[in-house]
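Here's the structure, in structure tokens; my notes come after.
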Amino acid sequence: MSNPKAASTSIESVLEVFQERPDLNARKRPGFYTARHMPATEIRENLGQSVWDGLFTFGVVRHPHDWFVSQLTYNYRRLSRPVPHDRRITGRDVWQVHSLLTDRRGQPASASASQWAFLCSASQQPLVGHLTTLDDLDDTWAELTRLTGTVVPRPARLNRTRHPAWNDWLDPGACKVIEDVWEPDFALYRQAATKPSL
């Protein structure tokens, strides 16, 4: 499924030849999701449960600290705000980005654009059949495509947001706020990272 800031554009570009419903790519809900980033719950609703159940589905989860700094950089640039590369990110910065995401990307199940809300049900149970982490995507891609019976080249990273490494850029207070606010994303990331190989 298309989890924003987790290589979704890259993955979509290599899977485009298999697209049977391009109309779904164009749909967007301002303040909820942008075009090409429909959550799994809405895709399932649009396709119907029986069609959904017959599909091979997978999702990519990004480490929440890394996802956060990518969100900060991407959204600040989009809004022409200065990206604070000259200092460490603090808890106050986290709350500012949280407010921005809540205002522009809030979801019915998650006010602040959590990754789990793109891949899971409202009860935070994955709706996709397979989960992998962005860190492991290069290693798991061949297995994902093998399971579908297709040969698809590994996606090149498109739209890569340039920013410092999260562990250098976030101060401990910022890490703590991210861990508290996006705790379900950490749980989903751990689940994706500890799943047996595909």
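Below, all heavy atoms of this structure are taken into account, side chains as well, without hydrogens, waters or symmetry copies.
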For the hydrophobic clusters of this structure (ILVMFWY residues joined by side-chain heavy atoms under 4.5 Å, transitively), does one cluster hold both [X] and [Y]?
X    : Y   : value
F58  : V17 : yes
Y74  : L79 : no
V151 : L15 : no

* **Distance-only donor-acceptor check, side chains H130 and T57, under 3.5 Å** =>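 No.
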
* Asked: Hey, mind stepping through W141 and V152 against side chain to side chain contact (heavy atoms under 4.5 Å, CB included) and telling me if it holds?
  -> CA-CA 9 Å; W141 186 257; V152 180; 3.9 Å; yes

Taking every non-hydrogen atom, the tightest pair across [X] and [Y]:
X    : Y    : answer
V177 : G91  : CG2-CA, 4.1 Å
P84  : L72  : CD-CD2, 4.1 Å
D185 : Q115 : OD2-N, 2.9 Å
T73  : H163 : OG1-CB, 3.4 Å
Q71  : L101 : OE1-CD2, 3.6 Å
A7   : L137 : CB-CD2, 4.2 Å

Any carboxylate oxygen within less than 4.0 angstrom of a Lys/Arg side-chain nitrogen, looking at [X] and [Y]?
X    : Y    : value
E143 : R146 : yes
R27  : E45  : no
D93  : R87  : yes

Going from [atom1] on [X] to [atom2] on [Y], what distance comes out if it is rounded to the nearest 0.5 angstrom?
X    : Y    : atom1 : atom2 : answer
D168 : R88  : CG    : CZ    : 7.5 Å
H37  : E12  : NE2   : CD    : 6.0 Å
W169 : F68  : CH2   : CZ    : 8.5 Å
D138 : R154 : CG    : CZ    : 4.5 Å

* Taking the side chain as every heavy atom from C-beta outward, state whether C120 and L188 have any pair of such atoms under 4.5 Å apart. =>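 A side-chain contact under 4.5 Å exists here.
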
* To do: Taking the side chain as every heavy atom from C-beta outward, state whether R78 and N75 have any pair of such atoms under 4.5 Å apart.
  =>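 The answer is yes; the side chains approach within 4.5 Å.
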
Give a yes or no on whether the backbone of [Y] and the side-chain of [X] come within a donor-acceptor separation of less than 3.5 Å.
X    : Y    : value
N46  : E42  : yes
T102 : H98  : yes
T41  : S121 : no
S99  : Q96  : no
N3   : V61  : no
D171 : A174 : yes
S114 : A117 : no

Tell me, yes or no, whether the heavy-atom count around [X] atom [atom1], taken from other residues, nucleotides or ligands under 6.0 Å, exceeds 12.
X   : atom1 : value
R92 : CZ    : no
Y76 : OH    : yes
Q49 : CD    : yes

* Kindly indicate, with the supporting measurements, whether the criterion side chain to side chain donor-acceptor pair (under 3.5 Å) is fulfilled by S50 and D53. => CA-CA 5 Å; S50 61; D53 289 344; over 6 Å; no

* To do: Would you mind listing every salt bridge (charged side-chain N to carboxylate O under 4.0 Å, His left out) that reaches into residues 62-71, with sequence neighbours excluded?
  =>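 Every pair satisfying salt bridge (charged side-chain N to carboxylate O under 4.0 Å, His left out) with a residue in residues 62-71: R62-D66.
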
* To do: Let me see the working for L127 and L119 under side chain to side chain contact (heavy atoms under 4.5 Å, CB included), right down to the final yes or no.
  => CA-CA 6 Å; L127 293 175; L119 303 172; over 6 Å; no

* To do: For H63, enumerate each residue passing the ring-ring contact (aromatic ring centres under 6.0 Å, His included) test, keeping only those at least two apart in sequence or located in another chain.
  =>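 By the ring-ring contact (aromatic ring centres under 6.0 Å, His included) rule, H63 matches H65, W166, F186, Y189.
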
* To do: Walk me through it: do W182 and W116 pass the test ring-ring contact (aromatic ring centres under 6.0 Å, His included)?
  => CA-CA 9 Å; W182 287 287; W116 70 263; over 10 Å; no

* Which is it for V60 and S8 under the side chain to side chain contact (heavy atoms under 4.5 Å, CB included) test, yes or no, and what are the steps along the way? -> CA-CA 8 Å; V60 178; S8 57; over 6 Å; no

* Step by step, would you call I178 with L170 a side chain to side chain contact (heavy atoms under 4.5 Å, CB included)? -> CA-CA 10 Å; I178 293 167; L170 298 172; 3.8 Å; yes

